[in-house]
Amino acid sequence: MKVQAMVTAFNTIVIREIRRFTRIWPQTLLPPAVTMTLYFIIFGNLIGSRIGEMGGFDYMAFIVPGLIMMAVITSSYANVVSSFFSMKFQRSIEELLVSPVPNWIILAGYVCGGMARGLGIGLIVTLLSLAFTRLEIHNLPMVVLTVFLTSALFALGGFINAMLATKFDDISIVPTFVLTPLTYLGGVFYSISLLPDFWQGVSMINPILYMVNAFRFGILGVSDVNPFVALGMILVFIALLTAISLRMLKRGKGIRH
Amino acid sequence: MTNALEIEGLTKTYGDGFHALKGIDMNVRQGDFFALLGPNGAGKSTTLGIVCSLVNKTGGKVRVFGYDIDTHLSDAKLNLGVVPQEFNFNQFEKVFDIVTTQAGYYGIPLKQAKVSAEKYLRKLGLWDKKDTPARMLSGGMKRRLMIARALVHEPKLLILDEPTAGVDIELRRSMWTFLEEMNRQGTTIILTTHYLEEAEALCRNIAIIDHGRILKHTSKRELLQQLHVETFVLDTETTLESAPELEGFPCRLSDEGALEVEVEKGQGLNRVFVQLEQQGIKVVSMRTKANRLEELFIRMVEENAREASGGAA
Ligand SMILES: Nc1ncnc2c1ncn2[C@@H]1O[C@H](COP(=O)(O)OP(=O)(O)OP(=O)(O)O)[C@@H](O)[C@H]1O
Ligand SMILES: [Mg+2]
């Protein structure tokens with residue numbers, strides 16, 4: 001395929017993905033907005049006022065970066081896993097398989113589609129948070145970099161999940177039993193310095209902790225971990241998951257007999 | 001001139017160990033209208049699936065307009081349009097979006113894709129449904145949508161796996177006319193069908209496949225010439241108790257009580273009627289039992305089954 005044709009194919013996939021999640025916006029865009037608003041009201045306003053400060057900031061300001069990140073992670077993952085799995089399920093994946101689009105374009109297209117939703121949600125949640133707190137950005141490049149890379153990483157994760165899934169149940173196992181616990185324990189609501197040494201150590205093996213903290217560093221300038229280590233780690237994971245995804249596409253397991 | 005499709009020694013063993021293809025050789029010339037025939041489970045969809053990258057082959061070679069799918073897959077794909085046996089579009093997407101998106105996958109810019117999508121949706125009588133989600137189309141419309149989608153990038157080789165399954169007679173005829181026109185304009189067409197009259201009406205060359213092997217690969221004309229015996233069904237005025245003796249013509253009673261008479265090529269029918277007249281049997285109507293290709297097909301597949309089961313013919 002020529003470069004120009006590949007660009008067209010890539011755009012086609014991304015536009016199709018955006019069309020999909022905007023068409024079903026009550027399922028894709030509305031729920032995170034509602035949930036996050038509830039978090040802001042309950043944890044930030046009602047309970048937060050009793051908690052006082054966390055990491056040197058009032059509780060509301062402390063949790064906003066974590067909540068934005070949580071929404072971005074969940075949405076990026078959910079978009080790719082449900083879209084790609086339903087393509088597999090309805091066999092419309094065959095439209096791509098018969099066409100000359102190279103595998104890496106297919107992957108890039110789906111990942112960017114997932115990022116479009118993840119980052120879109122991130123923006124919505126950020127705007128909502130402005131109703132509750134003032135947002136001063138400490139380090140803009142850090143904010144942009146972490147949120148983009150994290151979104152890409154979880155979109156890749158969703159892709160692998162979709163490739164492996166054989167039934168609809170399989171696409172909710174990872175979000176429910178892996179992503180949600182790791183996010184809650186990833187320092188969204190607290191600084192791990194509150195934890196006993198042992199649990200601090202355990203928390204350090206949770207990759208989401210690094211992403212939440214790198215993002216929080218970008219906004220507030222405070223972090224439990226070195227934000228540059230966090231960025232490096234995200235990049236390593238992205239490289240790893242990309243390699244796995246491309247390998248799966250090449251072998252075609254679950255999509256080609 | 002290179003062939004539109006060349007298949008050599010193609011084998012396929014599915015994940016469960018089933019040998020679906022046991023060495024297929026097949027050539028389709030450019031500009032041909034080719035039928036791949038065979039009973040259910042013969043391996044037709046598997047063969048075509050491999051050509052279109054929907055199924056991974058186990059062994060053998062496939063070339064599309066000379067492009068080997070192992071080494072020049074993307075060139076091969078650009079020349080191919082596929083209408084699969086099962087519906088395989090996103091049920092929630094709109095007709096127009098489905099077709100333009102497919103064009104995009106082939107690298108056709110949106111503006112041009114829209115023109116081409118409109119052209120084929122109009123030709124296939126789906127233009128007024130362009131904003132309808134696919135799930136709200138009737139079965140026949142879904143088939144036509146798949147044809148429009150397969151043509152949007154104007155492929156040189158169009159592969160149709162049972163395009164007229166579940167399509168009413170009138171629509172089937174109009175699809176025939178459409179395909180014939182495409183073929184006249186230079187598109188090579190390969191189709192599978194269980195309606196043998198369809199293959200007889202449309203195709204120039206034919207391969208018959210059964211149990212993963214090609215039984216016959218020849219022109220339709222040659223195939224029909226091999227048909228020595230034709231069976232006629234005669235409805236008699238009174239239902240016969242038993243089949244009459246007809247000298248030179250083997251005959252039997254069908255389950256419905258009609259008289260089935262086998263007539264060899266060149267024998268002529270007059271002597272059948274003379275003998276029936278003599279025996280006082282009055283014939284009220286007559287038809288051929290099946291169309292000619294069908295008869296031949298059934299014989300071949302039956303013979304193959306006997307050979308496969310090891311019994312003497
Ligand atoms: N995914 C699969 N896994 C295992 N066996 C399969 C698979 N797909 C097809 N087969 C088997 O391979 C054989 C050939 O199937 P295929 O679909 O090619 O037949 P066909 O000629 O297209 O039949 P039909 O006229 O019914 O469409 C069948 O016996 C079928 O059961
Ligand atoms: Mg089939």
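All values below were derived from every heavy atom in this structure, side-chain atoms included, with hydrogens, water molecules and symmetry-related copies excluded. Each chain gets a letter, A, B and so on, in the order its sequence line appears, and its residues count up from 1.
For the options Ala9(A), Ser92(A), Pro100(A), heavy-atom pairs under 4.5 Å to chain B are most numerous at Pro100(A). Interface check for chain B: of the options Arg256(A), Arg91(A), Met87(A), the most heavy-atom pairs under 4.5 Å are formed by Arg256(A).
Here the shortest heavy-atom pairing between Tyr106(B) and Met1(A) reads C-CE, 3.6 Å.
With a 4.5 Å cut-off on non-hydrogen atoms, Arg23(A) touches chain B through its side chain but not through its backbone. Only the side chain of Val82(B) comes within contact range of chain A, with heavy atoms under 4.5 Å apart. The part of Ile108(B) that comes within reach of chain A is its backbone (N, CA, C, O), which places non-hydrogen atoms under 4.5 angstrom from that chain. Of the two parts of Gln91(B), the backbone and the side chain both hold a non-hydrogen atom closer than 4.5 Å to a non-hydrogen atom of chain A. With a threshold of 4.5 angstrom between heavy atoms, Leu54(B) approaches chain A through its backbone and through its side chain. Of the atoms belonging to Phe87(B), it is backbone heavy atoms, and not side-chain ones, that fall under 4.5 Å from chain A. Contact of Met6(A) with chain B is not made at all, since no heavy-atom distance falls under 4.5 Å.
Residues satisfying the salt bridge (Lys or Arg N to Asp or Glu O under 4.0 Å) test with Glu86(B), not counting sequence neighbours, are none.
At a threshold of 4.5 Å between non-hydrogen side-chain atoms, the residues Val98(A) and Ser53(B) do not count as touching. Taking 4.5 Å as the limit, every side-chain heavy atom of Ser99(A) sits out of range of all side-chain heavy atoms of Lys77(B). Side-chain contact between Phe92(B) and Gln90(A) is present, with heavy atoms from C-beta onward closer than 4.5 Å. Put simply, the side chain of Ile106(A) does not reach to within 4.5 Å of the side chain of Tyr105(B), judged on heavy atoms. Inter-residue side-chain proximity for His257(A) and Thr46(B) is flagged as unmet; no heavy-atom pair is nearer than 4.5 Å.
Residue-environment remark: OH (Tyr67(B)) stays at or below the threshold of 12 foreign heavy atoms within 6.0 Å. Lys123(B) NZ: more than 12 foreign heavy atoms inside a 6.0 Å radius. Within a 6.0 Å radius of NE2 in His194(B), more than 12 heavy atoms belonging to other residues, nucleotides or ligands are found. The local environment of CZ in Phe10(A) is crowded, with over 12 non-hydrogen atoms from other residues, nucleotides or ligands closer than 6.0 Å. Counting heavy-atom neighbours within 6.0 Å of Lys22(B) NZ, excluding the residue itself, gives a total above 12. No more than 12 heavy-atom neighbours from other residues, nucleotides or ligands sit within 6.0 angstrom of CZ on Phe148(A). Atom CZ of Arg247(A) sits in a sparse spot, with 12 or fewer heavy atoms from other residues, nucleotides or ligands closer than 6.0 Å.
In this structure, CG on Asn90(B) lies 8.5 Å from CZ on Arg20(A), to the nearest 0.5 angstrom. Here CZ of Arg251(A) is found 10.0 Å from CG of Asn56(B). Values are rounded to the nearest 0.5 Å. Separating the CD1 atom in Ile15(A) from the CG atom in Leu110(B) is a distance of 7.0 Å, to the nearest 0.5 Å. Here the straight-line distance linking atom OG1 of Thr101(B) with atom CD1 of Ile13(A) works out to 10.0 Å at 0.5 Å rounding.
Using a cut-off of 4.0 Å between Lys/Arg side-chain N and Asp/Glu carboxylate O, Arg16(A) and Glu93(B) are scored as salt-bridged.
Panel note: side chain Glu94(A), backbone Asn88(B); no donor-acceptor pair is recorded below 3.5 Å.
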